[in-house]
Peer 1: 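Structure below; questions to follow.
In listed order, ligands and their atoms are each counted from 1.
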Amino acid sequence: AKSAGGNRFEFSDAEADARAITRHGLTTALPAALERGEFFIEYQPLVHLGDGRVHGAEALVRWSHPQHGVLGPDHFIPLAEHTGLIVPLGRWVLQEAVRQARSWHEQAGPDGFAPLRINVNLSPTQLHHPGLVADTVDVLERSGLPPGALCLEVTESGLIGADEDLLKPLRQLAEMGVDIALDDFGTGYSNLANLRRLPVSVLKLDRSFTQGMQQHPADPFDRKIVEGIVSLAHSLELAVTVEGVETGVQAEQLRELGCDTAQGWYYARPGPPDRLHRLSLADAV
Ligand code: C2E
Ligand code: CA
Ligand code: CA
Ligand code: CA
């Protein structure tokens with residue numbers, strides 16, 4: 001184990017070994033898991049802060065592991081990124097989520113169920129993969145979902161130092177009508193001036209901003225920061241989504257500050273797709 005100087009936080013060798021074995025086990029199991037259909041998607045609603053209506057949902061992948069039970073993405077997305085399996089896995093998530101959104105669109109109608117939009121996460125490796133545009137076009141065409149109903153979420157860190165070559169596929173998708181969201185905005189090396197250059201139409205403010213809104217009134221500095229980001233985003237014609245809304249106090253303050261849509265446990269935890277239909281109908285009555 002490496003020494004971290006005075007401030008040591010080493011694991012014992014046994015623990016380190018156990019972790020390595022688990023990691024190794026999960027990594028080697030990934031391709032077969034994809035083939036066996038062990039991944040599934042939960043959907044978390046995005047609501048309009050103005051009137052509370054459901055606007056769409058974010059697709060969040062899970063692995064139903066035969067021994068370890070349900071694993072969240074933090075347990076396997078980094079491994080999938082590392083091994084390149086993220087490309088076929090990401091393609092599967094996109095295909096499945098778009099198919100689901102298409103089925104919501106088919107169910108939409110006079111009973112008040114509006115056609116929902118679908119947000120899908122893209123990891124940096126997928127961004128660099130030459131098949132991204134063709135795969136996305138293919139998935140959309142085969143499903144019949146209008147491109148305008150799809151939003152691809154990319155993280156700021158995935159776009160750090162992005163040159164035109166990397167931005168070109170995103171630009172092409174944006175030109176087709178696909179929305180691009182900048183995920184976890186404000187966590188990394190936010191370069192506000194950079195925003196102008198990126199083909200994004202949505203900013204997803206990271207949960208840390210939401211956490212700052214728990215007291216009422218919130219710290220004036222925290223409010224000013226959010227106010228400034230929202231005003232800048234709106235002047236660039238970007239919509240602002242807030243993540244991690246857990247309480248009504250947070251929702252109310254973020255609404256006052258002009259944020260457009262919200263996502264979080266206050267509204268609903270991620271869950272099965274049929275629940276979206278019920279939630280959406282419930283707010284129509
Ligand atoms: P993210 O894109 O920032 O997704 C939001 C995460 O916050 C989700 O965690 C969600 O369950 C959680 N969350 C939602 N509402 C609340 C709340 O009110 N409070 C708190 N504390 N947390 C909330 P999850 O599902 O564990 O996903 C973690 C990350 O894994 C995601 O972060 C995303 O970066 C990644 N991920 C998920 N699905 C995919 C995928 O299909 N592809 C790729 N590349 N990454 C994915
Ligand atoms: Ca996301
Ligand atoms: Ca996020
Ligand atoms: Ca986040």
Peer 1: Heavy-atom contact check, 4.0 Å cutoff: does Gly90 meet ligand 1?
Peer 2: no
Peer 1: On a heavy-atom basis, I'd like to know which of Thr187, Leu127, Asn121 is closest to atom 43 (C) of ligand 1.
Peer 2: Asn121
Peer 1: With a cut-off of 3.5 Å and sequence neighbours excluded, list every side-chain donor-acceptor pair involving residues 88-98.
Peer 2:
residue	atom	partner	partner atom	Å
Arg91	NE	Asp135	OD2	2.8
Glu96	OE2	Arg99	NH2	2.8

Peer 1: Does ligand 1 come near enough to Glu246 that some N or O of the ligand is less than 3.5 Å from an N or O of the residue?
Peer 2: yes
Peer 1: Looking at Gln44, which atoms of ligand 1 are within less than 4.0 Å of one of its heavy atoms?
Peer 2: 14 (C), 15 (N)
Peer 1: Examine the proximity of ligand 1 to Val93 and report which part, side chain or backbone, both or neither, has a heavy atom under 4.0 Å away.
Peer 2: side chain
Peer 1: Give a yes-or-no answer on whether the side chains of Glu58 and Asn121 include a donor-acceptor pair shorter than 3.5 Å.
Peer 2: yes
Peer 1: Going by atom types alone, do Thr27 and Thr83 pair a side-chain donor with an acceptor below 3.5 Å?
Peer 2: no
Peer 1: Listing request: all ring pair (Phe, Tyr, Trp, His ring centres under 6.0 Å) pairs with a residue in residues 210-269, at least two apart in sequence or in separate chains.
Peer 2: none
Peer 1: When the ring centroid of Phe209 is compared with that of Phe185, is the distance short of 6.0 Å?
Peer 2: no
Peer 1: Below 4.0 angstrom from a heavy atom of Glu243, which ligand 1 atoms are there? Numbered from 1 as shown, please.
Peer 2: 3 (O)
Peer 1: Below 4.0 Å, non-hydrogen atoms only: which portion of Lys204 touches ligand 1? Side chain, backbone, both or neither.
Peer 2: neither
Peer 1: Please give the remaining members of the hydrophobic cluster of Phe40, linking ILVMFWY side chains under 4.5 Å, ordered by chain and number.
Peer 2: Val70
Peer 1: Report the part of Gln263 in contact with ligand 1, treating N, CA, C, O as backbone and CB onward as side chain, heavy atoms under 4.0 Å; options are side chain, backbone, both, neither.
Peer 2: neither
Peer 1: Output the list of atoms in ligand 1 that are nearer than 4.0 Å to some heavy atom of Glu58, sorted by atom number.
Peer 2: 2 (O), 4 (O)
Peer 1: Compute whether any side-chain donor of one residue and acceptor of the other, for Glu237 and Ser201, lie under 3.5 angstrom apart.
Peer 2: no
Peer 1: Would you please say whether a donor-acceptor pair under 3.5 Å links the side chains of Glu81 and Ser123?
Peer 2: yes
Peer 1: Does an N or O from Glu153, backbone or side chain, lie closer than 3.5 Å to an N or O of ligand 1?
Peer 2: no
Peer 1: Distance only, no hydrogens: is a donor on one side chain within 3.5 Å (strictly under) of an acceptor on the other, for Thr155 and Ser157?
Peer 2: yes
Peer 1: Around the Ca ion (ligand 2), how many protein N, O or S atoms are closer than 3.0 Å?
Peer 2: 4
Peer 1: Can you list the ligand 1 atoms lying under 4.0 Å from a non-hydrogen atom of Asp74?
Peer 2: 28 (C), 29 (C), 30 (O)
Peer 1: Does a salt bridge link Arg223 with Glu256, judged by any charged N lying under 4.0 Å from a carboxylate O?
Peer 2: yes
Peer 1: Which ligand 1 atoms are under 4.0 Å away from a heavy-atom of Ile77?
Peer 2: 42 (N), 43 (C), 45 (N)
Peer 1: May I ask you to decide whether Asp138 forms a salt bridge with Arg142, counting only side-chain N to carboxylate O separations under 4.0 Å?
Peer 2: yes
Peer 1: Provide the number and element of each atom of ligand 1 under 4.0 Å from a heavy atom of Val61.
Peer 2: 38 (N), 39 (C), 40 (C), 41 (O)
Peer 1: State the atoms of ligand 1, each with its element, that fall below the 4.0 Å cut-off from a heavy-atom position in Asp184.
Peer 2: 3 (O)
Peer 1: Tell me the nearest of Pro73, Gly72, Gly264 to atom 27 (O) of ligand 1, using heavy-atom distances.
Peer 2: Pro73
Peer 1: Are Ser231 and Glu227 close enough that a side-chain donor and a side-chain acceptor fall under 3.5 Å?
Peer 2: no
Peer 1: With heavy-atom distances below 4.0 Å as the criterion, list the atoms of ligand 1 near Pro270.
Peer 2: 11 (O)
Peer 1: May I ask you to decide whether Arg102 forms a salt bridge with Glu106, counting only side-chain N to carboxylate O separations under 4.0 Å?
Peer 2: yes
Peer 1: Does ligand 1 have a heavy atom under 4.0 Å from the side chain of Ile41, from its backbone, from both, or from neither?
Peer 2: neither
Peer 1: Between Arg269, Arg62, Glu42, flag the one that comes closest to atom 25 (O) of ligand 1 by a heavy atom.
Peer 2: Arg62
Peer 1: Taking the basic N atoms (NZ, or NE/NH1/NH2) and the acidic carboxylate oxygens, is any pair closer than 4.0 Å for Arg207 and Asp184?
Peer 2: no
